[in-house]
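All of these numbers come straight from a predicted model, not from anything done at the bench. By convention in this document, chain letters (A, B, ...) are assigned in the order of the sequence lines, proteins followed by strands, and residues within each chain are numbered from 1.
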Amino acid sequence: MSTESNVLDELEWRGLIAHSTDRDALRAALAEGSVRFYVGFDPTAPSLHMGNLVQILTAKRLQDAGHTPYALVGGATGMIGDPKESGERTLNSLDTVKDWVERVRRQIEPFLSFEGEHAATMVNNYDWTASMSTIDFLRDIGKHFPVNRMLARDVVKSRLEAGISYTEFSYVLLQSMDYLQLHRDYGVCLQFGGSDQWGNLTGGVELIRRADGGKAHAFATPLVTKADGTKYGKTEGGALWLDPEMMSPYAFYQFWLNAEDEKVSELLRIFTFLSREEIGELDRQTAEKPFLRAGQKALAEQVTTLVHGAEETERIKAASAALFGGGDLHDLAVPTLAAALREAGAATIEGKEAIPTIVDLFVLAGLAKSKGEARRTVAEGGAYLNNERVEDAEYVPGGQDLLGGSWLVLRRGKKNLAGVEIV
RNA sequence: GGCAGAUUGCCCGAGCGGCCAAUGGGAGCGGACUGUAAAUCCGUCGGCUUUGCCUUCGAAGGUUCGAAUCCUUCAUCUGCCA
């Protein structure tokens, strides 16, 4: 690595540094040699989501620049729960946490290289936390945490009225202890995380200084927000999951494809490995010919490829082209149509003699949560069968409506599609 | 421990015995306009076997022909006094 192209400059250009401890010291450390760094993931769900992806990709950027990752899964911290403003978390059972730890671990692994000079290492904080005695914890760790400082943290302050358990209040000690442990065992001297983690990050830096007189660094990545400042990465279904079982790759791709013009550049920087030149060119196209959506297309393709692979992405692109192509669905080759619908999401029902009504089909295909909602959609003029608006909620599709003899294409609004195969 | 006030649909917030599935705003959803963008305007926004029925207004009981609205107890929160 050369000093003139410090990876920190790269991260800053991508907008990935929201806060940082002494930036010059960090820059110097990164220029000096391979820095061992860590980033942690708590198993709060069966899958990681968009916010975690920022951390994973940042870890990869650092590894690509010659630094050495320690990816931590929170088998211990996941048992406790990081305090959040909305209120106390529900504790998960040990079995659930263990299961989620495994899933999270498997999701992280493909992004990092576990071979070569800067091979990544997976660690689980359960390994050094579970066996620790309460006495040791309170004497060796707790002694370094002034409660008045802990109370001053924003999350804690926001919870003082509504209430916060001692368990969650103590969370920062555990995460700080992780950093100390990794610092001692492996010489890890950089931790990063989301900006909501800033207090936990500096907690560790502080602990290393107080306990060992050691020097450690930390930085926080920004919270990705929409153009209007609200949280990004939320869909009707909740978070933007990386697990294909929890969010179909097609839906994942569509999410990125629908990015607002104002956000595309920022998202390209954070979520893709495209170069400055390539992103600059896409920015120019977005500004000059926004209707081409070149930035959105590149973004969706790049991120989906990173998470779900090139093959799957090709299938999704083909499906999107077929379904959004604007052509007559009757002109599509049946195998193309079938493949596209399977990507987009398709239900199968039996019995061509007894096809359900449009309302039932909408519920069945998952386009409406209830029959009432399906009826409303029809009344609002937002229900389509084979790209034609349906006026009658009780309409029963017949043989003439079956594309290729067995397919129905249902659409709600502009972009919610689902296929139904009648066999 | 005592007194006073709160608790409403995804969120915020009106309602204070019948006209309440419940005003209004936000989010969401649909339409128009576009570029599978944003903004704007319009509509919609508990469920169902949908001219009607069922379940909702912190929980459980009660008064009443009838309760989100009154009473009792419980839970939680907020003030004031110890």
Earlier contact from the 5' end, RNA chain B, for K371(A) and G381(A):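 It is G381(A) whose nearest nucleotide is closer to the 5' end.
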Nearest-nucleotide 5' precedence on RNA chain B, G372(A) against A383(A): A383(A)
Looking only at atom [atom1], what distance separates [N] and [M], rounded to whole Å?
N: U49(B); M: A32(B); atom1: P; answer: 28 Å
N: A6(B); M: A14(B); atom1: P; answer: 11 Å
N: A22(B); M: C16(B); atom1: C1'; answer: 13 Å
N: C10(B); M: C57(B); atom1: C1'; answer: 15 Å
N: G18(B); M: G66(B); atom1: P; answer: 15 Å
N: G5(B); M: G24(B); atom1: C1'; answer: 24 Å

Consider the side chain of [X], meaning its heavy atoms from C-beta on, and name the nucleotide among [options] that approaches it most closely.
X: Y384(A); options: G35(B), C48(B), G31(B); value: G31(B)
X: R412(A); options: G35(B), C29(B), A38(B); value: C29(B)
X: S370(A); options: C48(B), G35(B), G30(B); value: C48(B)
X: R375(A); options: A37(B), G31(B), U50(B); value: U50(B)
X: R389(A); options: G30(B), A38(B), G31(B); value: G31(B)
X: R376(A); options: U49(B), G30(B), U44(B); value: U44(B)

For [N], give its Watson-Crick or G-U wobble partner with both distances under 3.5 Å, or none.
N: U44(B); value: G28(B)
N: G5(B); value: C77(B)
N: C16(B); value: none
N: C70(B); value: G62(B)

Parallel, tilted or perpendicular: ring planes of W256(A) versus F252(A), cut at 30 and 60 degrees: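 It falls in the perpendicular class, over 60°.
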Parallel, tilted or perpendicular: ring planes of F219(A) versus F192(A), cut at 30 and 60 degrees: parallel
Row check, F273(A) ring normal vs R61(A) NZ/CZ: under 6.0 Å, within 45°: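 Yes, a cation-pi geometry.
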Test: E281(A) and R284(A) ion pair at under 4.0 Å: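 Yes.
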Lys/Arg-Asp/Glu bridge criterion (N-O < 4.0 Å) met for R14(A), E266(A): no
No-H, no-angle donor-acceptor pair, E380(A) side chain to G43(B) base, under 3.5 Å: yes
Sugar-phosphate, base or nothing in reach of E373(A), heavy atoms under 4.0 Å: nothing
Pair Y70(A) and F37(A), ring centroids less than 6.0 Å apart: no
Below 4.0 Å: OP1/OP2 of G30(B) and any side-chain N or O of N416(A):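 Answer is yes, contact under 4.0 Å.
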